[in-house]
Every structure is written in structure tokens, then in C-alpha cells.
Amino acid sequence: MDINEFADLIERCKMSVDKQGKMTFTPRYHKDERRVAEIIKNNKMEHFSFTDLQALSKNFAPLYQARRKLQAKRAEEFTSLSPKQIAELSTEQKLDYLEAVFPKWQEPDELLKVCAENEQNIKAALYGIKFPESFWKAEKKSVERYASLIAGQSELCDKLKNWRQISLNDKKEVVKQAAEVFEYVYGVAPKIEFFTEEQERAKLLAAGLNKDVHINAAYQQGDTLYFNEERLQQSDNFFAVSVLLHEGTHLRQYTQSFNDKSVDRIFDCNMCYVSYYDRKKNDKQSAEYMDLYAANPIEVHAHAVQDYMEQRFPEISGIKKVDGAENAVADKIHNKAFTMAKIAQADLMEK
């Protein structure tokens, strides 16, 4: 075992010991499962005891503490730099700093504190983080496949063509059918739930948050994609298949490895959750929230994929997009994010 494996084991697992002294290593997140299994297999840790763990920890403790100190020093350096200096860094250099500023063991309160103290530097670091061209080519190919399979389902397409006339239950069925296609293409099975705005506001109130904030049209949490019934009913006819793809993309970020170390670094970094900072401030309409949301690489990825789907689907299916009801707040938030996705990645997506 090397120090990187030891650090991953400590940071990616919840550890427990049974009455016989045998250790159990439970990955914190779905996407950690493969890495944890690899470490356990490579180091023959299937029958690891608590005594073994103590010996291992004693061996690696000095190196691990030195690593933590180096990260703390790098985080201090990040604070001392100007936004201009950070903006000029390469993607790899930005990630070096962001991994130090947002370590895996960070608690939500600490994340909020870091964001409050470094807001402008974080914006500068997030802006322009680049994914490899090979990644976008693979994403483009998968979107084409998803769009083609959706277009091949005549019953689903009939509902999209008659979107304004069909019932809410029929629209929910389209979301569920699209989820099945998504699972087939991407190998990830999203659970689908629907909510009313009244239910969501009650949930916010119970959590001690402002119930009067803007309510999302859809969001991903854990292995579930949640859809707003009111927004679904009033939506354009591509909403069910393109927003499903958008939120499903977040699910992939949360659960999958992308077989590219640079991409996995982007999605592994805790900075993916910086928009939580502004959600905590209860103001999704603030310029600060929109900047952080639009520049966040997880949103650049999801919006670029959704945008490409909406470009290609009419050509593949022959179905024209029919606009739904306007939502000024949502349009303002997402238009900025779509623009950021185009600026950062669209030149690659169009190749």
C-alpha cells in the first residue's frame, strides 16, 4: 500500500469493526466503491482486523499528517492569491488548490465558511475549468444514442408531439420512460419521484430554511431524480427528456467513474457543492448564486449535454420544440448556465 491508497481508504470510507475485530470498509459514496474495492483487493484486506488497521495507521500516520499539512498550506496560498492570478492558472493547478480548499473530510459548516471567505477566488478558479476533448466526444456520442433511442419509441414520441393536450400522468410516464432509456445508455438506474411546490416548501420549512425561495423544476439527490409537477405540467415538450438527461448527468457525476483521471478529479472535488453556499443564504436569485451555479463544472457539463440534446433531438426525431410557460427566475438562472457551457465547452461539443 502507498500513501495515496491509505489516504483514499481513510477519506472515502466509513470504517467499523465487528465483535471478532474484523474491519468493514463502507464507501461513503457510490462512485467510491470501485476505488475502495481495488484498494482492498490489491492489498489483500478482505480479512483485515482492527489490529492490522492500527499497525497500518501507525506506519502511514507521519506521511498522512504531512500530506494534510501540505494541503492546509496550499489552502492558505489560495487565499493569498488574487482572482486574476487564479484565473490565469491551468485546470490542473486550479484543481490542486480546490482539492486543498475543499477536502473530502470537510463538514458543511466548514465549506460555508471557506466559501464566505474566498468567494471571488472560488469564482475565478471555477471559471474555465476544462474537460478533455476526448471526454466531450464520448459525451456527444452518448447523447446521440440517447436521442436516437428516445426517437425510436413511437408511443413516447406521440406524447411529445401532443404535449399540450396530454394529462399530467401521461407526462410523468414520459419521464419514467426516458429514465429507462437513460439507464440503458449510461448504465445508471435513476429513481424517479414527483413533488408539488407545496410539498417542497413544507420540506424547506421543516429544515429551518426559507420556504419562499425559488423552487427548482427538477433536481438530483442521492440516487433519485425529483420533478416538480407544476413545472412539468407547464413545460415545453422537450422538458421530460432533456431535463431528465440533465439531472441524470448529475447522477452520473455522483456515482460513476469516467475512466479519465482529470475528469474524475473534477467530479471528486468537493467544490462541486459550492452552490450549497448560496442556497444556504436562501437567495437563489442573487448574482452570487448565479455566478457560482453557472461556473460550476458539474453544471457546465450537465447544461452542455442538455443543450446538445435539444439541438440534435429535432433533427433525429422530426419533432419540433413547442414552448411551455415562461418562468423568469428559472430562465435567468439557466440562461446564464447555458451561456457558460457554450463559452467553456461548446466549441468542443460541435466538432
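All residue numbers refer to positions in the sequence shown, counting from 1.
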Quiz prompt | Residues Asp268 and Arg35 bridged, charged N to O under 4.0 Å | solution = no

Margin query: Between Tyr226 and Phe194, is the ring centroid distance below 6.0 Å?
Written below: no

Compare all side-chain heavy atoms of Asp2 with those of Phe6 and state whether any distance is below 4.5 angstrom. no

Nearest heavy-atom approach of Val263 to Pro132 is CG2-CD, 3.5 Å

Correct closest heavy-atom pair for Ala302 and Thr249 would be CA-CG2, 4.0 Å

Working note: Met15 + Leu9, criterion side-chain contact (heavy atoms from CB on, under 4.5 Å); need CA distance, chi angles, decisive distance, verdict. CA-CA 9 Å; Met15 302 183 191; Leu9 198 66; 4.2 Å; yes

When every non-hydrogen atom of Ile319 is compared with those of Phe238, the smallest separation belongs to O-CZ, 3.4 Å

Please list every donor-acceptor pair under 3.5 Å in which a side-chain atom of residues 178-188 meets a protein atom from a residue at least two apart or in another chain.
none

* Whether over 12 other heavy atoms sit under 6.0 Å from Glu38 CD -> yes

Next item on the list: Answer yes if the side chains of Gln220 and His250 hold a donor-acceptor pair under 3.5 Å, and no otherwise.
Entry: no

query = Backbone N or O of Lys321 within a donor-acceptor pair of the Trp163 side chain at under 3.5 Å?
reply = no

Taken to the nearest 0.5 Å, the spacing of Arg265 CZ from Leu95 CG works out to 5.0 Å

Salt bridge Glu197-Arg201, side-chain N to carboxylate O under 4.0 Å:
yes

Requested in this report: Could you check whether the rings of Trp136 and Phe131 sit parallel, tilted or perpendicular, using 30° and 60° as the cut-offs?
Outcome: perpendicular

| Glu5 bridged to Arg12 by N-O distance under 4.0 Å | no

Note: Ala218 and Val243 closest approach over all heavy atoms is CB-CG1, 3.7 Å

Q) Side-chain heavy atoms under 4.5 angstrom apart, residues restricted to Ile, Leu, Val, Met, Phe, Trp, Tyr: same cluster for Phe313 and Val322? A) no

- prompt: Do the non-hydrogen side-chain atoms of Ile192 and Thr224 ever get within less than 4.5 Å of each other?
  reply: no

Would you tabulate the side-chain donor-acceptor contacts of residues 45-52 under 3.5 Å, counting partners in other chains and residues two or more places apart, or write 'none'?
from, atom 1, to, atom 2, distance (Å)
Ser49, OG, Thr51, N, 3.4
Ser49, OG, Asp52, N, 3.0
Ser49, OG, Asp52, OD2, 3.0
Asp52, OD2, Ser49, N, 3.0

Quick check, are the ring centers of Phe135 and Phe258 under 6.0 angstrom apart? yes

### Query
Between Tyr97 and Gln71, do the side chains contain an N or O donor and an N or O acceptor separated by less than 3.5 Å?
no

| query | What do you reckon, is NZ of Lys261 surrounded by more than 12 foreign heavy atoms closer than 6.0 Å? | reply | no

Query raised in the report: How far apart are the C-alpha atoms of Ile122 and Cys115, what are their side-chain angles, what is the distance that settles it, and do they pass the side-chain contact (heavy atoms from CB on, under 4.5 Å) test?
Result: CA-CA 7 Å; Ile122 291 168; Cys115 287; 4.2 Å; yes

To the nearest 0.5 Å, atom CZ of Phe78 lies from atom CD of Glu117 at 11.5 Å

> Would Tyr293 and His303 count as a close aromatic pair, with their ring centres under 6.0 Å?
Replying inline: yes

- Message: Taking the side chain as everything from C-beta on, heavy atoms only, tell me whether Leu98 gets closer than 4.5 Å to Ile129.
- Response: yes

One should read off an interatomic distance between Ile10 CD1 and Arg67 CZ, to the nearest 0.5 angstrom, of 11.5 Å

Checklist entry - Are Asp18 and Lys22 close enough for a salt bridge, meaning some N to O gap below 4.0 Å? => result no

**Message:** With a 4.5 Å cut-off on side-chain heavy atoms, are Arg312 and Glu315 touching?
**Reply:** yes

Within the 4.5 Å heavy-atom criterion, are Asn296 and Leu292 side-chain neighbours or not? no

Next on the checklist: Any side-chain to backbone donor/acceptor pair from Asn121 onto Leu81? Under 3.5 Å, distance only.
Outcome noted: yes

When rounded to the nearest 0.5 Å, the distance separating CG of Leu63 from CG of Leu70 is 12.0 Å

Modelled atom types, side-chain donor and acceptor of Asp260 and Ser262, under 3.5 Å: yes

Residues pairing under salt bridge (charged side-chain N to carboxylate O under 4.0 Å, His left out) where one sits in residues 184-196, two or more places apart or in two chains, turn out to be Lys191-Asp223

Donor-acceptor side-chain pairing of Glu144 and Tyr308 below 3.5 angstrom:
yes

Original post:
Are Val241 and Leu168 connected in a single hydrophobic cluster, I mean Ile/Leu/Val/Met/Phe/Trp/Tyr linked by side-chain heavy atoms less than 4.5 Å apart?
Top reply: yes

- Task: Would you check, one step at a time, whether the test side-chain hydrogen bond (donor to acceptor under 3.5 Å, both in side chains) holds for Ser90 with Gln93?
- Result: CA-CA 5 Å; Ser90 68; Gln93 290 171 318; 3.3 Å; yes

Gln153 meets the side-chain hydrogen bond (donor to acceptor under 3.5 Å, both in side chains) criterion, sequence neighbours left out, with none

Assess, by modelled atom type and distance only, whether the side chains of Glu200 and Tyr219 contain a donor and an acceptor separated by less than 3.5 Å.
yes

Here the salt bridge (charged side-chain N to carboxylate O under 4.0 Å, His left out) pairs for residues 165-175, sequence neighbours left out, are Lys172-Glu229, Glu173-Lys176

The complete set of salt bridge (charged side-chain N to carboxylate O under 4.0 Å, His left out) pairs with one or both residues in residues 69-89, sequence neighbours excluded, reads Lys84-Glu88

Taking every heavy atom of Leu89 against every heavy atom of Lys94, the minimum-distance pair comes out as O-CE, 3.6 Å

### Message
Side-chain heavy atoms nearer than 4.5 Å, only ILVMFWY residues, links allowed to pass through others: does that put Ile40 and Met1 together?
### Response
yes

Closest non-hydrogen atoms of Ala240 and Val174, given as atom of the first, atom of the second and distance, are CB-CG1, 3.7 Å

Counting only N and O atoms by type, is there a donor-acceptor contact under 3.5 Å from the side chain of Gln85 to the main-chain atoms of Ser82?
-> yes

Is it possible for you to say whether Ile316 and Leu149 belong to one hydrophobic cluster, with membership spreading through side-chain heavy-atom contacts below 4.5 Å?
-> no

Check this for me: Glu155, atom CD, are more than 12 non-hydrogen atoms of other residues, nucleotides or ligands nearer than 6.0 Å?
no

Separation between CG (Asp323) and CG (Asn237), nearest 0.5 Å, reads 8.5 Å

* Please answer whether the main-chain N or O of Asp8 pairs with a side-chain N or O of Glu11 as donor and acceptor at a distance below 3.5 Å. => no

Output for pair (Ser242 OG, Asp307 CG), nearest 0.5 Å, gives 9.5 Å

